[in-house]
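Worth knowing before you read on, the calculation uses all heavy atoms, side chains too, and leaves out hydrogens, waters and symmetry mates.
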Amino acid sequence: MLSLKTLIKTDFETRTNAEILPRFTLIFIMKKLNELTIKEAYEGLKKGEFTSVDLTKACLERIKKRNKDINAFVSIFESSALAEAKKADEIIASGKQQILTGIPFAVKDAIDTLDLRSTGSAKILDNYVPPFEATVIVKIRAQGAVLVGKNNCDAFGHGASNENSMYGHVANPHDLTKVSGGSSGGSAAAVADNQCIFAIGEDTGGSIRQPASFCGIVGLRPNYGRNSRYGIMAMASSLDTVGPMGKTVEDVAILMEVMAGQDDKDATTIIDKVPKYSKNLNKKNKFVIGLPKEYFSVQGGSVSGGEAEGMNDEVKKIIENKIETIKKNKSLEVEFKEVSLPYTKYGLPVYYIIVPSEDSSNLGRLDGVRYGVRSSEAHDLYNIYAKSRGEGFPEEVKRRIMVGTYSLSSGYYDAYYNKAQKVRTLIIEDFNQAFAQVDLLLTPTSPFTAFGIGEKKENIMAMYLADMFVSPSAVAGLPAISVPCGKDSKNLPVGIQIIGPRLGEEKLLNFASLVEGV
Ligand code: GLN
């Protein structure tokens, strides 16, 4: 009888051999190594069915084959990844394997990685090699996970299509003429295209959930303060979060267990004990799920620069069908209840005042003086700033810095930033009163599926409207997940968003695990 290892080595050429098939674990027969989930890879490594070097090579080969078309990676660390994989195999052989030991993963380029180039997908940091590493990445690598590369993203997280990267756009693996979503578009595309087993993204106002939805994977924005942001390139400090992107809810739960927790290097981290998320999945508790009526009645509207798209009918239908399927599933005790979040319509305007304001302050540190790229044309102090920033930031980042500088300036602060913060409190109150009646909220992640490359690039408002369902929960600091829930008639993935109450990731992940396969 052929060993499973041999089967894998022959790249499944034997997979159609009916005589052999029944003798092996189905999962390893059906999937290539790079297609495995964390859980499956962990089991295979544990049993010695394959090595971390095999697994890492499978991912690196996939990256090499696809990066010219998809462009999910700005940097690929082939030799260091193989060295890390070899080390992981030694750890496994010594009996000290942990859940992420030897598992290949990728990191959004707006997250610092020790001694490994981290550009934020902006030319101003083209040559930046951080002398330190983000806490969440330290935790993941301490288990022996293998870092295969850094993912392309919208520069410093600014965008919803990955077209604001200065290293080219990221194509959607389901249709190369469509965007991957953004800003963690490279991470979502890399996971969806099996170029890595999981990825770590950043979500200020949807950047994990929206690309996860466009690419058909699972992405979790944790509660604000649940995961340390130390080493995450700051965008809007009162909203920034870092979270997991994976192939299943279980993988995302596993990652949260490793990533979450208080960190002395980030004063905003929460001291609460981190729950055992992965041990609390698929529990058939009773759930009351709120359907916010404002999310299901969004109309298209006229905005400057053209007609904005409201909720796409097909997306709406797919979400409604999912709700019906969950309702009809006898093994689940889920009750749906309509709720109202009247301040939803202010979520996006509030977001697009607060974020540029905080952006304009955070991005001030990138000036071509201390680190990063200084313009070769700059010969005096003014031009060191003006030309280095002019050449190093893409248009969208410049736009945010200008809007933010305006809204923070004397005479306008109260009218814009301060007012937005007050409305933010009303949005938080909205969610509080909803969560007094229901356990979780269910909404579409995005009003539409992946749009064409270039389609919204010139229409700034239309691009901002892509965030309409993901920004309110971010403004409120709440946890939210996007889970795949089918495909539209163009074969593009649709995601449902589940929003949890404050620090409600455990309940949220449990419910997500129950409805994931339904
Ligand atoms: N589309 C949002 C924006 O451009 C997403 C930002 C984020 O979550 N990093 O601001």
Next on the checklist: Quiz question: by atom type and distance under 3.5 Å, do the side chains of S184 and S207 form a donor-acceptor pair?
Outcome noted: no
Checklist entry - More than 12 heavy atoms of other residues, nucleotides or ligands under 6.0 Å from OH of Y346: is that the case? => result no
Checklist entry - R221 and S473: side-chain donor and acceptor closer than 3.5 Å? => result no
Next on the checklist: According to ring-ring contact (aromatic ring centres under 6.0 Å, His included), who are the partners of Y417, at least two apart in sequence or on a separate chain?
Outcome noted: Y413
Next on the checklist: Can you confirm whether the side chains of Y352 and D467 place a donor and an acceptor under 3.5 Å from each other?
Outcome noted: yes
Checklist entry - Does D414 come within less than 4.0 Å of K419, counting only side-chain N to carboxylate O? => result no
Checklist entry - When you check the gap from the basic side-chain N to the acidic O, do K456 and E163 get nearer than 4.0 Å? => result no
Checklist entry - Side chains of T119 and Y128: closer than 4.5 Å at any heavy-atom pair? => result no
Checklist entry - Can you tell if the side chain of I498 reaches within under 4.5 Å of the side chain of V515, non-hydrogen atoms only? => result yes
Item to check | Greater than 12 external heavy atoms within 6.0 Å of D313's CG | outcome: no
Checklist entry - Between R141 and E84, is there a side-chain N and carboxylate O pair less than 4.0 Å apart? => result yes
Next on the checklist: Less than 3.5 Å apart, any donor N or O on the side chain of T248 or E516 sitting next to an acceptor on the other?
Outcome noted: no
Item to check | Closest heavy-atom pair and its distance - K178, A450 | outcome: CD-O, 3.4 Å
Checklist entry - What do you reckon, are the aromatic ring centroids of Y464 and Y351 less than 6.0 Å apart? => result no
Checklist entry - Do T204 and D240 get their side chains close enough for a donor-acceptor pair, meaning under 3.5 Å? => result yes
Next on the checklist: We want to know whether K108 and S183 form a side-chain donor-acceptor pair, criterion being a heavy-atom distance below 3.5 angstrom.
Outcome noted: yes
Checklist entry - Does a donor on one side chain and an acceptor on the other come within less than 3.5 Å for S228 and D263? => result yes
Item to check | Between T449 and N312, a side-chain donor and acceptor under 3.5 Å | outcome: no
Checklist entry - Does one side chain, of S446 or Q210, offer a donor that lies under 3.5 Å from an acceptor on the other? => result no
Checklist entry - Is I499 close to F431 at the side-chain level, that is, under 4.5 Å between some pair of heavy atoms? => result yes
Item to check | Any side-chain donor near an acceptor of the partner, D193 and Q195, under 3.5 Å | outcome: yes
Item to check | side-chain contact (heavy atoms from CB on, under 4.5 Å) assessment of I200 paired with I111 | outcome: CA-CA 9 Å; I200 301 304; I111 300 175; 3.9 Å; yes
Item to check | Donor on one side chain, acceptor on other, N152 and S165, under 3.5 Å | outcome: yes
Next on the checklist: Once you measure the plane-to-plane angle for F105 and F198, does it fall in the parallel (<30°), tilted (30-60°) or perpendicular (>60°) bin?
Outcome noted: parallel
Next on the checklist: Could you check whether any side-chain heavy atom of S121 comes within less than 4.5 Å of a side-chain heavy atom of M166, counting everything from C-beta outward?
Outcome noted: no
Checklist entry - Does R117 come within less than 4.0 Å of D109, counting only side-chain N to carboxylate O? => result no
Item to check | Heavy-atom donor-acceptor pair, Q497 side chain to F469 backbone, under 3.5 Å | outcome: yes
Checklist entry - Do the non-hydrogen side-chain atoms of I38 and L255 ever get within less than 4.5 Å of each other? => result yes
Next on the checklist: Do D115 and E133 have side chains that approach each other closer than 4.5 Å (heavy atoms only, starting at C-beta)?
Outcome noted: no
Next on the checklist: Is it the case that the side chains of T241 and R226 hold a donor-acceptor pair, with the cut-off being a distance below 3.5 Å and no angle test?
Outcome noted: no
Next on the checklist: Counting only heavy atoms not in Y412 (residues, nucleotides, ligands), do more than 12 fall under 6.0 Å from its OH?
Outcome noted: no
Checklist entry - Have K247 and N194 got a donor and an acceptor in their side chains that come within less than 3.5 Å? => result yes
Checklist entry - If we ignore angles and hydrogens, is there a donor and acceptor under 3.5 Å between the side chains of R365 and Y371? => result no
Item to check | Heavy-atom check, side chain of I353 versus side chain of S357, under 4.5 Å | outcome: yes
Checklist entry - Do we see a donor-acceptor contact under 3.5 Å between the side chains of T445 and S482? => result yes
Next on the checklist: Looking at Y416, I want to see if its OH is surrounded by more than 12 non-hydrogen atoms of other residues, nucleotides or ligands under 6.0 Å.
Outcome noted: no
Checklist entry - Does atom OH of Y343 have more than 12 heavy-atom neighbours from other groups under 6.0 Å away? => result no
Item to check | Check against side-chain contact (heavy atoms from CB on, under 4.5 Å), V218 and M245 | outcome: CA-CA 6 Å; V218 181; M245 303 174 83; over 6 Å; no
Checklist entry - Shortest non-hydrogen contact from A110 to C153? => result N-SG, 4.2 Å
Checklist entry - Salt bridge check: are E294 and K345 linked by an N-O gap of less than 4.0 Å? => result no
Checklist entry - Taking the side chain as C-beta and beyond, is there a heavy-atom pair between L220 and L508 under 4.5 Å? => result yes
Checklist entry - Stepwise, does the salt bridge (charged side-chain N to carboxylate O under 4.0 Å, His left out) test hold for D203 with R209? => result CA-CA 8 Å; D203 189 310; R209 293 161 288 158; 3.0 Å; yes
Next on the checklist: Both conditions, 6.0 Å and 45 degrees, for the charged tip of K398 above the ring of F393: are they met here?
Outcome noted: no
Checklist entry - Salt bridge or not for E396 and R400, using N-O below 4.0 Å? => result yes
Checklist entry - Judged by modelled atom types alone, do S375 and E391 share a side-chain donor-acceptor pair under 3.5 Å? => result yes
Checklist entry - Looking just at side-chain N and O atoms, do H169 and N164 make a donor-acceptor pair shorter than 3.5 Å? => result no
Next on the checklist: For the residue pair D175 / N172, report whether a side-chain donor-acceptor contact shorter than 3.5 Å exists.
Outcome noted: no
